[in-house]
Amino acid sequence: MNELYSFHDIEERWQAEWERQAVFQCHERVDRPKFYCLEMFPYPSGKLHMGHVRNYAIGDAIARFKLMNGYSVMHPMGWDAFGLPAENAAIERNVHPATWTMANIDAMRKQFKRLGYAFDWSREVATCHPEYYRWCQWLFLKMLEKGIACRKRTEVNWCGTCRTVLANEQVESGNVCWRCGQTVENREMDGWFLKITDYAEELLNDHALLEGHWPERVLTMQKNWIGRSEGAYVDFPLVGKDGKIRVFTTRPDTLYGATFMVLAPENPLVMTLADSEERCAMLRAFAEKSRQTDVIERTATGIPKEGCFTGTYAVNPLTGEDIPIWVSDFVLWGYGTGAIMSVPAHDQRDFEFARKYALPIRIVIAPEGCDLDSESMESAFEAVGKMINSGPFTGMSSDAGIGAITRYIEEKGIGCRAVTYRLRDWGISRQRYWGTPIPIVHCERCGMVPVPEDQLPVRLPDNIDFDWSLGGNPLSRVESFVSTRCPICGGPARRETDTMDTFIDSSWYYSRYCDPRNTREIVDPDKNNYWIPVDQYIGGIEHAVMHLLYARFIHKVMRDLGYGRSPEPFARLLTQGMVCLEVMRCPRDGYLYPEDVIDNGDGSYTCRICNGPVIAGRSEKMSKSKRNTRDPNDYIDRFGADTIRMFSLFAAPPQKDLDWSDSGVEGVFRFLKRIWRFVFDHRGLLEGLASGPIAAEDFGNDHAGAEVIHRKTHQTIKRVTEDFDGRYHFNTSISACMEIVNLLYSTPIPEEGAADYQPIRCAVREAVYALLHMLNPFAPHMMEELWHELGGTSLLAQGPWVTWDDAIAAEQSIEMPVQINGKIRVRLTVSADATPEELETRVRQDETVARWVEGKTIRQVIVVPQRLINVVIK
RNA sequence: GCGGGAGUGGCGGAAUUGGCAGACGCGCUAGGUUGAGGGCCUAGUGAAGGCAACUUCAUGGGGGUUCAAAUCCCCCCUUCCGCACCA
């Protein structure tokens, strides 16, 4: 055995060995329970960052633990390989997106392998591969058949920088592109949509299956996004015109108080309502102004809302009164029916609008025990109360009134019960090249024709001209692609040139891993049913409502197509925190790279560029623009994969943000070296440790030093094992292992032949045996190496895991704190199985206790077994 | 505005069916080893007071429940995240 811990050699050796023995290749074994461990697959940007290292280190620890515990573990890896960066690289550097992507995949795969993650590489997929995307196209055709996919012309979010349409989920803070951060604009365009709204109810209800297994806030975010609300549609007939306006309300009980109506400016009805040419022009101008108003400004609270009267009236169907129809941009065209009934007395927005334009306010709900006055009231009364001025419903509670009025309008045929959602259909058309072509042909004679299944995949052409200045989708300029024959009539036709949102690719990849080379089917249903659901899914919180909602939707679609039984794709979800580092900023030169910062050693820093003082900012997510990134490669070079992996698990629990720290990394490196050195220094004593278990009788139980190690070992196995089964707080698992190592260092190892040599030898051998197993999920290379050095012929990776004995883990005697009136005054060493009565007697006899009690009387002695004793005196 | 998370030494973080606050690591201090430095080893390290045994204070702030509160309840502050006229 080498005295030096030469991590590079060790890591290469074991990576090769795992690969040679195909240790991480999995199969559908019926003799073992299965465990599907999955981390969100990466976009092949070409370089791993610390966030990746952490994400995959978490999953790898779990996967390895499960494998050691006898599970049939699937832990696959692949590439979310379609997307804009590849196409942008093509434009900037004149490299084909496929070439660029493939080179990136190769580079990242190498990095992954250097980190020694336990992936089953035989299942690798890349979404840009025709054998993958043909099944995206197939899925699209199935959804078209079932009416889930459709084409329509609507207002869409257009990102000018990315030159494509975005789905609503991909627009952040109301108007910002999730990818590039630029403001999006509204455009009316044709596009393909998936009716995720058909599944809204199920997506919402099935949250119940995930509760307790998914982070609460992800469920809350999805719930808010789906935004279910219950109420009724009510029709208001127009005065002097045919037709009616349908509104959605959650408060049918306030219908008698509806004194005007408001339509969204985009509502096409608006133009038909104008009572004069002049009014028509005004409304058109108003709509145009709304369109140009920033979405944030238009919808922000606190800003008074502009309105415009149409000149037309509708009839309140319950009061029979004529009420004016207005237009205002606080009513959204995308929600409900794009029209509302306004009840200013009981809705704050309506109230403010009514005050501004002097519209009538009628009170129809009275709060318990007091009266409202429409003249003097300063805000709407939105709570429940007693119905007044409401015809036959007067006197009813407003709660009961909701049901009663709904039934009434249903009987009269002027409305019906209804549920609406905030969730909109998923717009999947993208006007860019590097994505899955939508398998549709536009024929002059036959219209839109789906490409027959046996003609899939519709391949992306290679001969692309990426000249950005030409604008539009480069795909539409490839005549050989666009021009085709109609599958029905054989006549000339043109291919659809929109490609699919890449979120479709990532909505079912976890199923494809179950059967990645199937050329006949998207996945074999039996294989899918064996592995799915993913038992543990791990990724960033940023996908809470994008990927994670889309994937749940597509999963349910696939289930309905007969490709699986499980209602949900991901049984448990862990959202890992970000990797952060403090930013260095110079007032003159902006964010600084580490090499441009001089550490003065006294907590202050100097800018190397201008010699001015540098402001050490707070810790923020590592990002290129803030220049606070660190390259995993540098750390692998200096400390090895085991160190960087273990640090990213040790520095914080997985769910929390992690502060990167170079000295923290060195601390972990030091710990690993300490293990190495201990084994090296005691290689004689530890020799052959791996070849056979330690018999209980070898210990003897008369030596205190051995017993302490023995007990600590079993306690630690228990702690670490339970951390894996519960919260995944690996930071505490690792620190527990550090405690054992510290204990081993502080135990004097006797000379061979000394009386206590045998029991100590056994205890130390057992401790090291356990350590190698427990640390294997975190630092697998070093542990395999030491295992091998100590006579192991099997692989630690294949287990079995270590077990503990509660009887050994139990303390014989414990130091029990004794409190007097809640303050610790003395500690007594007592036998662990002492009865409360014995303990109380001990305490009453104790000198120190007596000193504190002197002159007072003991009122009560509280004995908490195994914990403490509290003496209450007065 | 609504909803959710967080707030513990110089730093990252332990400890929550209420029961020894600060495990473990970083940093710092001292000693040892070394020609020096680094590395490694040992000890110390929440604050204040005291020669000391020890005492007092301390988990964002203020109240409360309890023999006992970082943990439970009420009010407030700070911060991060999500949603934001959704009818």
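All chains are named by letter (A, B, ...) in the order of the sequence lines, taking the proteins before the strands, and each is independently numbered beginning at 1.
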Within 45° of the ring axis of A:F671 and under 6.0 Å from its six-membered ring centre, is that where the NZ or CZ of A:R674 lies? no

Syn or anti for B:G35, with syn set at within 90° of 0? anti

Could you run down nucleotides 64-71 of chain B 5' to 3' and tag each one B, S or - for protein heavy-atom contact under 4.0 Å? ---BS---

Without decimals, in angstroms, what is the distance between A:R867 CZ and B:A21 P?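 After rounding, the reported distance stands at 12 Å.
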
To the nearest Å, give me how far apart CH2 (A:W852) and C1' (B:A53) are.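 In whole Å, B:A53 C1' and A:W852 CH2 are 12 Å from each other.
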
Are A:E201 and A:R228 within salt-bridge range, i.e. N to O under 4.0 Å? yes

Give one of base, sugar-phosphate or nothing for [X], where a contact means two heavy atoms less than 4.0 Å apart.
X: A:G667; result: sugar-phosphate
X: A:R851; result: nothing
X: A:R674; result: sugar-phosphate
X: A:P653; result: sugar-phosphate
X: A:R246; result: nothing

Show the numbers, then the answer: is there a side chain to side chain donor-acceptor pair (under 3.5 Å) between A:R677 and A:H682? CA-CA 8 Å; A:R677 186 158 16 91; A:H682 302 288; over 6 Å; no

[N] OP1/OP2 closer than 4.0 Å to side-chain N/O of [X]:
X: A:R670; N: B:C40; result: yes
X: A:K823; N: B:C57; result: yes
X: A:N742; N: B:G25; result: yes

Parallel, tilted or perpendicular, judged at 30° and 60°: which one describes the rings of A:F730 and A:F724? tilted

Let's see if you can work this out: which of B:G25, B:G12, B:C20 has an atom nearest to the side-chain heavy atoms of A:R827? B:C20

